[in-house]
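Just below is one structure, and these are the notes that go with it.
By convention in this document, chain letters (A, B, ...) are assigned in the order of the sequence lines, proteins followed by strands, and residues within each chain are numbered from 1. Bear in mind that the values here come from a model prediction, so they are computed numbers and not experimental data.
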Amino acid sequence: MLGYRSMFIEFDPSVSIDRILREITLENDAFGASFEPQVRPADERFGDFQANGILPFAKKAGLNPRDLAQKLIGLLPHSDFWETSIAGPGFINFKLSPLFFKKWIEKFKNAESFRNAAEVKKPQKIVVDFSSPNTAKQMHVGHIRSTIIGESLARLFSFIGHEVIRDNHLGDWGTQFGILLFAIKKENISLEDLGTDPITKLENLYRMGNGWVKDDENKLVQAREELVKLQNGNPENLALWQKIKDISMDSFLGIYKMLGVQFDYSLGESFYKNKVEPVYEKLLHHQICVENAGALVVFHPEHKRFSKQPFIIRKSDGASNYASTDLATVEYRRKEWQSEQIIYVTDGRQRDHFEQLFMTVQKWFSKEKNICPILKHVWFGTILGEDNKAIKTRDGEPIKLIDLLNESIERAKALVVEKNPDLENSEVSRRAKIIGLGAIRYADLSQDRTLDYVFSWEKLLAMQGNTGPYLQYAVARIHSIFRKVGLKPNEIRISDYPPTSDSEKKLARKLLFFSGAIKQTIKELKPHFLGTYLYELTTEFSSFYSQNKVVVEENEIKFLRLILCARTLCVLEIGLDILGIETLQEM
RNA sequence: GCUCCCGUAGUUCAAUGGAUAGAAUAUUGGUCUCCGGAACCGAAGAUCUGGGUUCGACUCCCAGCGGGAGUGCCA
């Protein structure tokens with residue numbers, strides 16, 4: 001009887017506690033199947049986990065919550081793994097025993113066992129659609145969030161066992177090409193000979209062209225003609241367009257390489273331009289869309305807003321727009337790739353668009369009795385300028401993404417040189433890159449993605465306090481300890497001792513919450529939950545490190561502390577890798 | 001007009017409806033014979049206003065106030 005009820009050492013201990021509470025309440029008259037344990041991590045002062053479910057349950061049943069809590073505790077089989085107590089109005093606190101910590105540390109011993117423990121039961125094929133810059137322009141600060149958040153989510157999905165397809169949905173078929181082609185021809189520019197920074201040249205040309213057409217109706221007409229020629233397949237314009245795309249991709253790839261991002265596909269809107277006609281036909285056939293003022297639009301009568309606000313899928317001049325290509329894209333990803341889930345990582349200002357897109361797709365797929373992939377819009381806040389307005393490309397000075405990245409690397413370089421005056425240049429550069437890019441990534445990923453923030457160099461490039469380099473520093477120090485003892489982290493044997501000192505226990509305790517942090521990050525698709533957890537783990541480590549000397553005479557104490565270091569290192573390296581932040585052995 | 005997002009220490013950010021709202025930074029006092037001071041320990045400092053729901057509200061609902069966004073042919 002106690003066999004199946006006995007506590008298993010789970011990656012997430014709250015799972016075991018929840019299961020046992022459900023088992024013992026299920027057959028009991030006082031509780032029954034409707035009892036929800038509500039197991040949460042507890043405040044350190046009270047224990048390690050708490051079950052809050054007694055309070056609402058007692059209220060509903062008209063019982064005294066403390067009495068009921070007492071009853072529940074009475075039903076619990078004795079365990080060497082925890083102590084329970086009732087507190088406040090009826091919280092049940094679980095304080096895990098040193099034995100539990102010892103067993104947990106023994107069981108989850110390397111990246112492999114962490115990964116296995118975190119794996120989902122049913123892996124899915126998930127498309128992550130992110131970054132998606134427009135060709136003919138440089139990537140600017142506005143693109144950093146999609147790129148970094150998207151990559152992090154992709155890594156997270158992979159970590160828990162999903163199959164991930166990274167797709168860079170390039171904006172390579174917009175109206176910008178009319179203006180750009182016009183400018184190229186008028187200035188008689190050769191795209192083969194744009195010098196060392198071709199993308200900047202293109203961008204300047206576009207800006208120039210944009211200025212012309214604004215003031216001159218005649219030039220606007222000519223630019224439109226170039227666009228029409230391109231869309232009709234004019235070979236000259238098509239060749240120029242392809243060349244522009246190649247130049248753009250070169251510049252994007254430089255940034256992706258720095259950031260460790262690799263796409264499986266970069267299909268872009270142009271890929272779908274010939275796939276929209278059948279979509280129109282199908283949606284018309286199913287009476288999902290209607291013609292309205294010359295355009296083809298979708299209304300959703302059941303929706304308070306979209307019953308009036310149209311989703312325009314074909315413009316009145318017959319041309320497609322991003323709604324058209326997005327529809328075709330969903331169909332392609334489902335049919336060709338069998339995607340079960342599609343995640344779009346874009347600016348929050350596109351929320352209406354995606355809401356309308358998703359509703360339309362669901363109706364469409366439902367009519368055809370096709371399985372509709374799970375569609376999620378992972379939106380993020382705007383990066384604002386000093387004036388609290390979005391940083392825009394057209395006016396003002398857009399901050400180029402490449403400049404931001406390089407600036408951070410330069411700042412890191414100065415610090416690395418300051419700390420290591422004799423280090424050779426190549427190693428300085430290597431470390432500076434990892435530290436500088438880590439700082440930027442962490443700055444963005446450590447805050448809730450849905451919030452806007454005002455752009456500031458200081459914020460993005462900070463290297464002290466709650467920052468990427470702080471986490472990297474802890475990793476480097478752990479490596480340093482292992483160098484000192486001449487052992488590798490995976491060579492550390494289990495100590496006979498469980499965590500005993502205050503900071504040993506606190507550190508071990510924090511390690512247990514890794515799984516919870518992963519789950520919460522997945523549930524909300526918000527990497528800052530993981531970032532916050534890693535920061536908290538790091539502060540526990542730093543505290544432990546300064547209060548407990550690791551390399552001591554007594555072997556069992558030494559190995560206990562070394563194993564805590566090894567496990568902390570493992571969690572930090574896995575977690576930081578999910579955030580896309582590289583680590584160093586020395587910094 | 002309608003819809004959505006956001007108002008938390010001086011500043012920048014946290015807080016699956018749960019116990020005394022956590023950090024960073026700035027200010028300030030310590031650690032400084034230490035396995036790496038990019039560190040550690042301490043002090044001080046905050047939930048926009050008013051109602052409501054709840055055993056319990058930063059969190060949910062309503063009304064204000066303030067900031068931002070979207071709202072038919074850009075993406």
A/F94/A/F49 aromatic ring centres below 6.0 Å: no
5'-most by nearest nucleotide on RNA chain B - A/G294 or A/I92: A/I92
Aromatic ring pairing A/F541/A/F544, orientation class (parallel under 30°, perpendicular over 60°, tilted between): tilted
Separation of the C1' atoms in B/U20 and B/C4, to the nearest angstrom: 35 Å
Aromatic ring pairing A/Y533/A/F514, orientation class (parallel under 30°, perpendicular over 60°, tilted between): tilted
A/T467 side chain to A/A439 backbone, donor-acceptor under 3.5 Å: no
Atom P, compared across B/U59 and B/A21: separation rounded to whole Å: 14 Å
Listed nucleotide nearest any side-chain atom of A/Y535, set B/G18, B/G72, B/A23: B/A23
Nearest-Å distance for atom pair CG/P, residues A/D448 and B/C58: 19 Å
Ring centre gap for A/H300 and A/F358 strictly below 6.0 Å: no
Shortest side-chain distance from A/K549, nucleotide among B/C34, B/A69, B/G68: B/C34
Side-chain N or O of A/H169 closer than 4.0 Å to phosphate OP1/OP2 of B/A75: no
Electrostatic pair A/E269-A/K273, nearest N-O below 4.0 angstrom: no
Closest to side chain of A/R349, choosing from B/C35, B/A69, B/C40: B/A69
N or O in side chain of A/Y442 less than 4.0 angstrom from B/A24 OP1/OP2: no
Base B/G18 to side chain A/D43, donor-acceptor N/O within 3.5 Å cut-off: no
Where protein sits on nucleotides 3-12 of chain B, one letter per nucleotide: B base, S sugar-phosphate only, - none, heavy atoms under 4.0 Å: SSSS-----S
Donor-acceptor pair present, A/Q472 side chain and B/A38 base, under 3.5 Å: no
Any side-chain heavy-atom pair of A/Q309 and A/Q356 under 4.5 Å: yes
Candidate nucleotides B/C41, B/G36, B/A19, ranked by approach to the side chain of A/Q547 - the nearest: B/C41
B/A14 versus B/G22 - spacing of their C1' atoms, nearest Å: 6 Å
Listed nucleotide nearest any side-chain atom of A/A87, set B/A38, B/A19, B/G72: B/A19
Salt bridge present between A/D18 and A/R22 (N-O < 4.0 angstrom): yes
Nearest to side-chain heavy atoms of A/V551, which nucleotide of B/C55, B/A14, B/C35: B/C35
Among B/A38, B/C41, B/G70, the one nearest A/S543 by side-chain distance: B/C41
Inter-nucleotide C1' distance (B/G45, B/G64), Å rounded: 29 Å
Candidate nucleotides B/A19, B/C35, B/A24, ranked by approach to the side chain of A/S480 - the nearest: B/C35
Range-with-range stems for RNA chain B, at least three Watson-Crick or G-U pairs under 3.5 Å: B:1-7 with B:65-71, B:10-13 with B:22-25, B:27-31 with B:39-43, B:48-52 with B:60-64
Base of B/A19 paired with side chain of A/N93 (donor-acceptor, under 3.5 Å): yes
Within the 6.0 Å centroid threshold, strictly below: A/F311 and A/F306: no
Side-chain N or O of A/S542 closer than 4.0 Å to phosphate OP1/OP2 of B/C40: yes
Closest to the A/Q464 side chain, choosing from B/A39, B/G18, B/G72: B/A39
Between B/A39 and B/U53 - C1' atom distance, rounded Å: 47 Å
Aromatic plane relationship, A/Y535 with A/Y470 - under 30° parallel, 30 to 60° tilted, over 60° perpendicular: tilted
N or O in side chain of A/K315 less than 4.0 angstrom from B/C73 OP1/OP2: no
Centroid separation A/F91 to A/F46 less than 6.0 Å: no
Donor/acceptor link under 3.5 angstrom from A/Y322 side chain onto base of B/A75: yes
Whichever of A/A42 and A/N466 has its nearest RNA chain B nucleotide further upstream toward 5': A/A42
Rounded C1' spacing from B/U27 to B/U11 in Å: 12 Å
Aromatic plane relationship, A/F177 with A/W241 - under 30° parallel, 30 to 60° tilted, over 60° perpendicular: perpendicular
Sugar-phosphate, base or nothing in reach of A/L384, heavy atoms under 4.0 Å: nothing
Shortest side-chain distance from A/A293, nucleotide among B/G36, B/G72, B/U71: B/G72
